[in-house]
2 protein chains.
Amino acid sequence: MVRAGDDEKMPMVTALVRTAFLVDAVYAQAAREHGVTAQQGQLLCVLMAHPLGMSDLGPMLGLAKSSLTGLVDRSARRGLVERVPDPSDGRAVQVALTASGAALAETFYDDTCARLAELAGRLSGTERGRLAGLLARVVEANEVPAVFD
Amino acid sequence: MVRAGDDEKMPMVTALVRTAFLVDAVYAQAAREHGVTAQQGQLLCVLMAHPLGMSDLGPMLGLAKSSLTGLVDRSARRGLVERVPDPSDGRAVQVALTASGAALAETFYDDTCARLAELAGRLSGTERGRLAGLLARVVEANEVPAVFD
DNA sequence: CCTGGGTAGTTCGCACCACGAAAGGTATCG
DNA sequence: CGATACCTTTCGTGGTGCGAACTACCCAGG
């Protein structure tokens with residue numbers, strides 16, 4: 001129903017939405033198999049590099065402050081993250097991975113990368129590079145936060 | 001952190017995840033502005049072509065049966081869809097858009113298409129065609145349901 | 001040193017969303 | 001006609017999202 005552009009078999013908007021749908025499904029399935037929800041998995045992945053404050057995490061994950069509080073609450077209850085008082089600001093906390101959270105984050109991340117890489121298994125290496133380059137430009141142009149490294 | 005392939009500035013897996021994140025955010029924002037949730041918007045779009053049975057909708061939307069029941073309940077409560085008994089099978093119902101649901105679906109769909117099309121505004125027409133072609137092949141190879149037409 | 005404006009994060013209330021197990025009604029087949 | 005299968009809903013549970021309001025802390029200006 002979407003009007004196709006020049007030489008498009010599937011319109012780009014349709015392709016984008018279905019790709020997002022696919023990625024979300026793969027991500028959710030991987031998370032479920034690692035015993036976390038997709039949102040928890042995303043939080044863990046974002047924290048792999050280093051702890052982050054709530055005011056950095058919120059915008060990065062696209063969440064309202066109360067939503068992030070709940071997500072961190074549930075993840076902390078699981079023993080995956082912990083709140084660490086910020087020594088330089090009495091109001092702030094840093095959210096850090098616990099040891100078991102870090103271990104889970106690493107296996108979840110690696111497994112998810114493998115599954116996602118497999119999605120494009122039918123494309124040649126050149127095509128994958130080209131696809132990555134085009135998507136990277138879209139992502140950069142729209143200033144998407146660094147939700148997956 | 002993801003290992004880049006040949007001549008990739010951003011690894012493909014990272015580009016895929018961030019693109020999905022971006023599309024989800026745009027879709028959720030459009031839905032919110034049209035007064036529905038992203039899930040409800042997706043249901044409405046899928047029903048634009050014609051009514052569907054629950055057993056077709058579930059797999060198409062990637063939902064468990066009880067989840068779909070709830071989504072249809074909430075959408076019906078909003079007056080957007082209705083359950084119609086299937087004349088050929090007393091067990092089954094067809095879910096159809098109401099008049100107001102159809103109107104909302106159309107404006108939401110058109111608006112969402114415009115916003116998503118704009119995401120790739122920085123790419124040339126040729127590049128958009130190329131991106132659509134590559135994504136279409138990934139989507140087809142992974143048998144993604146027709147969640148957006 | 002005090003204060004007002006701003007920041008950081010949590011609580012509360014609410015609605016939405018996801019799933020699995022079980023149940024009720026209907027269809028089909030031997 | 002009875003057994004099995006299918007269709008959908010119900011129930012219980014946990015997760016998720018948001019806005020408004022609140023508490024505690026920070027900081028620059030007077």
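Naming: A, B, ... by sequence-line order, numbering from 1 per chain.
- The side-chain contact (heavy atoms from CB on, under 4.5 Å) with Val144(B) is formed by just one residue from the set Leu119(A), Leu22(A), Val17(A); it is Leu22(A).
- Computed from coordinates, the Leu68(B) CG to dT9(D) P distance equals 8 Å when rounded to whole Å.
- Regarding contacts with the backbone of dC17(C), a side-chain N or O of Arg74(B) is found under 4.0 angstrom from either OP1 or OP2.
- Going from atom NZ of Lys65(B) over to atom C1' of dC17(C) covers 18 Å, rounded to whole Å.
- Look at CG on Asp86(B): it is 15 Å from C1' on dG25(C), rounded to the nearest Å.
- When the nearest nucleotides of DNA chain D are assigned to Arg78(A) and Ser88(A) by heavy-atom distance, the more 5′-ward of the two goes with Arg78(A).
- Within 4.0 Å (heavy atoms only), Ser67(B) reaches at least one base atom of the nucleic acid.
- The nearest whole Å value for the distance from the CD atom in Gln29(A) to the C1' atom in dC19(C) is 12 Å.
- One cannot find a donor-acceptor pair under 3.5 Å joining the base of dG9(C) and the side-chain atoms of Thr69(A).
- Taking atom CG of Leu63(B) as the reference point, atom P of dC17(C) lies 10 Å away to the nearest angstrom.
- To the nearest angstrom, P of dG17(D) lies 9 Å from CG of Leu61(A).
- Nucleotide dT10(D) holds its C1' atom 10 Å from the CG atom of Asp73(B), rounded to whole Å.
- Residue-level contact check: Arg83(B) touches the backbone only, with heavy atoms under 4.0 Å from sugar-phosphate atoms and none from bases.
- One finds a salt bridge joining Glu127(B) and Arg137(A) here, because a Lys/Arg side-chain nitrogen approaches an Asp/Glu carboxylate oxygen to under 4.0 Å.
- Other residues, nucleotides and ligands contribute more than 12 heavy atoms inside 6.0 Å of the CD atom of Glu140(B).
- For Phe21(B) and Tyr27(A), the gap between ring centers reaches or exceeds 6.0 Å.
- Atom P of nucleotide dA15(C) and atom CZ of Arg77(B) are separated by 10 Å, given to the nearest angstrom.
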Problem - Test log, rule side-chain hydrogen bond (donor to acceptor under 3.5 Å, both in side chains), inputs Arg78(B) and Gln40(B) - result: CA-CA 10 Å; Arg78(B) 299 280 309 279; Gln40(B) 289 162 3; 3.3 Å; yes
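- Positionally, the nearest nucleotide of DNA chain C for Arg91(A) lies more toward the 5' end than for the other of Arg91(A) and Met54(A).
- Looking only at side-chain heavy atoms (C-beta outward), Val93(A) and Asp86(A) stay at 4.5 Å or farther from each other.
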Problem - Verdict with reasoning, Arg115(A) to Asp111(A), per salt bridge (Lys or Arg N to Asp or Glu O under 4.0 Å) - result: CA-CA 6 Å; Arg115(A) 295 177 191 231; Asp111(A) 181 34; 3.0 Å; yes
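- The residue Gly70(A) sits apart from the nucleic acid: no heavy atom pair falls under 4.0 Å.
- Listed in residue order, the members of residues 30-46 of chain A having a heavy atom less than 4.0 Å from DNA chain D are Thr37(A), Gln39(A), Gln40(A).
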